[in-house]
Colleague: 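Attaching a single structure in structure tokens format; questions to follow.
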Amino acid sequence: MDERYEPAAVERAAQRHWADHRSFAAREPAPGAAASGGGDKFYCLSMFPYPSGRLHMGHVRNYTIGDALTRFMRMQGRNVMQPMGWDAFGLPAENAAMANGVAPAKWTRDNIAYMKKQLQALGFALDWEREFATCDPSYYRWNQWLFLRMREKGIAYKRTGVVNWDPVDQTVLANEQVIDGRGWRTGALVEKREIPMYYLNITAYADELLGALKGLDGWPERVRTMQANWIGRSEGAEVAFPLADDARDALAAAAATGAGGDAAGAAPALKVFTTRVDTLFGVTFMAVAAEHPLALAAGARDPALQAFIDECRRGSTMEADIATMEKKGRRTGLHVLHPFTGQPVEVWVANYVLMGYGEGAVMGVPAHDERDFEFAQQNGIDIRPVVHPEGGVDVWPWAKGPWQPSYGEHGLTVDSGEFSGLGFQAAVDAITTALEARGLGRKRVQFRLRDWGISRQRYWGCPIPLVHCPKCGEVAVPDAQLPVVLPEDLVPDGSGNPLGKHKPFLEVACPTCGGPARRETDTMDTFVDSSWYFLRFACPDNDRAMVDERVRYWLPVDQYIGGIEHAILHLLYARFWTKVMRDLGLVGIDEPFANLFTQGMVLNHIYSHQPAEGRRSYFNPADVDVVEDGGAKRYIATRADGSTLEVRYDGLGTMSKSKNNGVDPQSLVEKYGADTARLFMMFAAPPEQTLEWSDEGVQGSFRFLRRLWKAVHEHVSAGPAPVLGREVAREALDAPQKTLRRTAHQTLAKVADDIGRRRTFNTAVAAVMELLNAVSRFEDRSPAGRAVVQEALEIAVIALSPMVPHISHALWQELGHADAIVDLRWPEADPSALVQDAITLVVQVNGKLRSQIAVAADADEATVRAAALADETVRRFVGDDTPKKVIVVPRKLVNVVV
RNA sequence: GCCGGGAUGGCGGAACUGGUAGACGCGCCGGACUCAAAAUCCGGUUCUGGCGACAGAGUGUGGGUUCGAUUCCCUCUCCCGGCACCA
């Protein structure tokens with residue numbers, strides 16, 4: 001055995017062993033053997049990466065967690081599958097293409113090749129025989145195939161949606177490409193624009209997606225809460241306010257000139273949804289979106305209002321922007337009629353009401369809604385209280401002063417005609433019933449969740465399989481002609497989708513009539529690709545069907561691992577997609593992921609610089625020096641050419657390509673080896689917690705592995721140790737030998753619990769470090785002593801092997817084992833090694849720690865109590881007082897209260 | 001703005017079910033080895049007072065419940081994730 005730990009050689013040898021033995025190729029049972037999920041299978045899946053170019057520390061964290069679990073579960077005797085693939089479509093490839101003139105396909109595939117090497121160098125127990133990328137036509141053809149099935153069922157449907165529009169580049173922008181309301185390349189003010197898009201009817205599944213969260217007890221509570229809030233079920237009422245004559249005339253006039261849009265004149269009433277129909281008599285205004293037909297009709301007659309509508313169209317579509325912008329409104333001069341009193345209520349255009357969210361209109365009740373209150377105060381609108389908060393003050397302070405939370409509380413209705421004097425629920429019921437009788441409303445459940453728009457006006461994605469024919473209209477591509485293959489040699493230039501200018505793709509014969517037709521150029525949202533990839537890993541080679549019987553064996557995923565940033569969108573879409581496939585008879589499961597582990601983000605500092613013209617650029621923290629300058633800090637970045645530049649500090653954020661703040665694990669792997677990189681990542685923080693990156697402690701992890709190597713080396717170079725239980729009787733050990741043995745077995749049990757139940761790899765590693773410290777202090781070289789050390793070192797190596805598999809592979813052999821540790825069954829801790837005769841209890845006086853006493857492990861309460869009161873220090877603090885109370889917590893402490 | 005999470009020594013973190021706050025590691029200080037350095041090994045390291053035994057304070061802020069609170073409840077501050085076209 002080498003005296004020195006040489007990670008490169010150790011890792012090469014271990015990886016060769018796994019490759020030669022196909023150690024991680026998952027095997028299905030013989031056909032027909034198991035209909036659904038045989039008891040011993042374990043499908044361990046980490047979220048597949050976007051091939052951004054290089055791995056970053058977030059990847060190392062994600063995949064090391066999954067790998068440690070995979071290896072641990074293998075050692076528990078489970079048939080484990082841990083596959084890997086590539087989420088290969090998406091925006092960064094187009095950005096790279098624009099920057100470097102390389103086709104997205106080439107850039108993506110080069111990145112995949114490089115990152116695959118990195119993953120392999122890290123020694124992950126992946127079944128590479130199942131690898132695929134979502135940009136492979138053999139994968140995305142099934143996106144297209146299922147899209148067509150959904151379209152047939154009406155789950156996929158077409159309507160207009162709002163997008164960010166860059167008026168200079170004449171292109172749709174992703175939210176990420178909108179910075180402070182401006183296009184990132186052009187700096188032009190972004191506009192909202194309505195375009196036709198395909199949507200998936202996820203709201204039809206809202207009730208099930210919400211209800212099934214209760215059954216997902218293998219999911220973190222925080223994720224379930226976030227999803228429930230996102231779906232946002234609320235019970236309320238739909239109320240129709242009939243149009244007054246002025247509104248009706250305006251709509252009719254607009255319809256005549258075509259200014260009012262499609263819906264103009266069609267609606268006899270303005271519909272809204274409210275959860276507070278009990279406040280209906282407090283309505284003093286209505287607010288509609290700028291794109292609402294009433295707003296457009298009024299704008300056609302009022303240039304000032306039209307200017308305001310145009311202003312509302314500027315800015316991004318992002319909810320965070322809309323929620324934080326200044327609330328503005330303008331009156332239309334048009335009115336609707338209160339459904340009960342018939343009084344006219346003026347309609348306002350408000351920038352915070354969005355078309356496409358519900359009805360594009362809300363009723364304004366300033367007395368009982370905070371946002372309406374502020375809007376009314378700002379615009380001089382009446383505030384009419386109609387609910388008297390129960391147990392609230394007897395005065396009506398609404399007219400002046402700021403909003404009080406009590407204004408929004410439930411209470412008894414007042415000034416509400418025949419509905420006065422009712423409690424919340426009674427008022428809601430009575431008013432809803434009366435509305436229904438008049439045909440002006442009904443009870444309704446509303447979800448916050450909106451349907452999923454999947455059309456993207458972008459090149460590097462899965463083509464939507466449709467053809468537009470001048471004769472036949474929109475025609476689906478027949479299944480036999482799938483996949484619609486994306487040409488891979490185009491280079492986008494920022495001026496829209498290059499597919500729209502590429503004739504070989506664009507020009508097609510209509511599948512129905514054979515005449516000349518135009519192919520659809522929109523591609524699918526990349527969330528589509530990631531909504532079912534976990535199914536495909538079970539059957540990546542099937543070129544005749546999307547899924548097959550192997551999916552029934554492997555699914556659901558037993559452990560899914562990924563970043564908390566996916567808590568809502570990806571995980572919700574994947575759940576939805578699975579339910580759709582179930583309803584189409586393709587899979588037999590209701591939920592895709594039985595257990596979910598959400599790792600915390602790995603953060604790093606962000607530095608950027610905004611040139612006078614063009615895009616803001618980001619600098620990697622590794623290239624930035626922090627300089628103290630008279631109390632203030634300055635940040636100086638060094639460019640590749642050696643020149644320097646003062647940059648701005650933008651705080652901490654997730655490691656990402658776009659912020660250029662990733663840390664490439666490659667340098668760590670080269671310097672210390674994969675095991676050190678893996679170990680440090682697991683040791684640095686509990687995996688569910690956010691981690692601010694710093695490689696300060698890496699050295700310590702390497703030192704630990706070297707100490708372990710040295711300890712094994714010293715032990716084995718003294719020759720074979722006697723075997724405990726055969727050459728040395730366990731009962732014959734002396735006290736220090738028993739203590740080391742107990743530490744070893746406690747460690748074994750703790751590590752199994754930390755990995756298997758708690759998933760706290762950091763404390764598992766710490767426990768093994770303590771064990772090695774105990775071994776180092778143990779100097780007994782007698783045969784019995786060496787037998788105990790042999791066992792303790794074996795336990796240390798086994799316990800670490802899920803985290804640091806390479807060094808464990810080597811050390812296991814050095815400890816005299818012919819079989820590879822990767823195939824070892826995880827041993828149980830020996831209960832007889834764990835027994836302890838005497839234990840130490842803590843004694844408190846008035847809750848403050850004062851002393852410690854040693855008692856027999858099985859001492860009864862009276863004995864413990866007497867021992868505590870007899871303790872000298874305790875008597876000093878208790879003095880002559882008689883204890884009021886003595887609390888004894890078995891095996892833990894005694895608290896004397898005086 | 002809304003939803004979810006977090007805050008513990010100089011630093012990363014431990015304390016799992018309300019019961020010894022600071023395990024383990026980093027850093028730092030001292031020592032051994034060495035001509036010297038690196039590496040390694042040994043000891044110390046929450047803060048304040050004390051030579052010391054020891055005492056007091058202490059888990060972002062302010063309050064509460066309890067014999068006992070890092071842990072439970074309320075308030076506030078700051079940080080992180082998500083907010084539907086980054087993935």
Side-chain angles (χ1 to χ4, degrees), chain A residues 47 49-50 52 87 89-92 95 161 163-164 172-178 220-223 225-230 232 317-325 327 352 371 448-458 525-527 530 563-570 572-573 598 600-601 603 651-654 656-659 680 683-686 688-692 694 696-701 703-704 706-707 710 753-754 757-758 760 762-763 765-770 773 776 840-849 852 884-887 889 892-898:
Chain A
M47 290 180 185
Y50 178 79
S52 57
D87 189 13
F89 277 134
L91 201 53
N95 294 337
V163 295
N164 304 307
V172 175
L173 296 178
N175 282 340
E176 194 190 47
Q177 297 171 316
V178 179
E221 197 57 48
R222 57 172 167 166
V223 176
T225 305
M226 280 190 262
Q227 290 217 348
N229 291 340
W230 182 263
T317 60
M318 280 180 268
E319 192 189 295
D321 288 349
I322 291 156
T324 49
M325 74 188 173
K327 311 284 178 288
Y352 62 86
R371 191 174 61 182
R448 209 188 74 94
L449 179 69
R450 307 196 300 262
D451 277 345
W452 172 15
I454 59 157
S455 298
R456 296 290 179 271
Q457 298 67 47
R458 263 188 271 287
D525 180 5
T526 56
F527 274 122
S530 56
I564 184 66
E565 78 272 24
H566 294 295
I568 295 174
L569 291 180
H570 161 60
L572 193 65
Y573 291 147
T598 45
M601 302 284 82
L603 309 180
L652 282 166
T654 312
S656 73
K657 182 100 182 163
S658 60
K659 295 287 190 315
F680 177 64
F683 180 61
E688 266 181 300
Q689 213 166 87
T690 302
L691 171 66
E692 284 176 32
S694 151
E696 295 250 307
V698 178
Q699 185 79 34
S701 292
R703 227 164 6 217
F704 169 69
R706 204 161 48 186
R707 276 184 62 213
K710 221 178 94 183
D753 187 54
D754 282 354
R757 178 182 63 91
R758 298 209 307 156
T760 52
N762 55 325
T763 54
V765 172
V768 183
M769 286 176 170
E770 285 186 75
N773 289 344
S776 306
T840 304
L841 295 191
V842 161
V843 187
Q844 299 177 333
V845 178
N846 287 338
K848 275 184 187 297
L849 173 67
Q852 301 194 338
K884 274 189 210 144
K885 210 195 231 181
V886 178
I887 292 149
V889 182
K892 286 229 168 90
L893 61 65
V894 182
N895 188 12
V896 182
V897 185
V898 291

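Order of the sequence lines fixes the chain letters, A, B, ..., with proteins taken first and strands second; residue numbering starts at 1 for each chain. Given the structure is predicted, the values throughout are model-derived calculations rather than measurements. The figures that follow rest on heavy atoms only: side chains count, while hydrogens, waters and symmetry mates do not.
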Colleague: Using a cut-off of strictly less than 4.0 Å, decide whether A/Arg703 has a side-chain nitrogen or oxygen near OP1 or OP2 of B/rG27.
Modeller: yes
Colleague: Is any side-chain N of the basic residue among A/Glu176 and A/Lys657 closer than 4.0 Å to the acidic one's carboxylate O?
Modeller: no
Colleague: Going by atom types only, do A/Asp87 and A/Ser530 share a side-chain donor-acceptor pair under 3.5 Å?
Modeller: no
Colleague: Any chance you could list the contact pattern along nucleotides 3-18 of chain B? Use B for base contacts, S for sugar-phosphate-only contacts and - for none, protein heavy atoms under 4.0 Å, 5' to 3'.
Modeller: SSS------BSSSB--
Colleague: Starting from the 5' end of RNA chain B, give me the residue, A/Leu849 or A/Arg707, whose nearest nucleotide shows up first.
Modeller: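 The residue mapped nearer the 5' terminus is A/Leu849.
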Colleague: Does A/Asn773 put a side-chain nitrogen or oxygen below 4.0 Å from OP1 or OP2 of B/rG25?
Modeller: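 The answer is yes; a side-chain N or O of A/Asn773 sits under 4.0 Å from OP1 or OP2.
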Colleague: In Å, rounded to the nearest 0.5 Å, how long is the span from CG of A/Asn175 to CG of A/Asp321?
Modeller: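 Between A/Asn175 CG and A/Asp321 CG, I get 8.0 Å after rounding to 0.5 Å.
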Colleague: What is the distance from CD1 of A/Ile887 to C1' of B/rC67, rounded to the nearest Å?
Modeller: 4 Å
Colleague: Just call it for A/Val897: base, sugar-phosphate, or nothing, with non-hydrogen atoms closer than 4.0 Å on any strand.
Modeller: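 Sugar-phosphate contact only.
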Colleague: Taking only side-chain N and O atoms of A/Lys848, does any of them lie within less than 4.0 angstrom of OP1 or OP2 on B/rA57?
Modeller: yes
Colleague: Given Watson-Crick or G-U pairs with both distances under 3.5 Å, what dot-bracket string fits RNA chain B, with | for other-strand pairs and [ ] for crossing?
Modeller: (((((((..(((......[....)))((((((.......))))))((((....))))..(.(((..]....))).))))))))....
Colleague: Let me know the distance between CG of A/Leu569 and P of B/rG81, rounded to the nearest Å.
Modeller: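 The answer, rounded to whole Å, is 15 Å.
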Colleague: Take A/Gly653 and A/Ser658, find for each the nucleotide of RNA chain B with the closest heavy atom, and name the residue whose nucleotide sits nearer the 5' end.
Modeller: A/Gly653
Colleague: Find the distance A/Glu565:CD to B/rG82:P and express it as a whole number of Å.
Modeller: 6 Å
Colleague: In whole Å, what is the span from the CZ atom of A/Phe680 to the C1' atom of B/rG25?
Modeller: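 The distance from CZ of A/Phe680 to C1' of B/rG25 comes to 9 Å, rounded to the nearest Å.
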Colleague: Rounded to whole angstrom units, what separation is found between the CG atom of A/Asn846 and the P atom of B/rC67?
Modeller: 11 Å
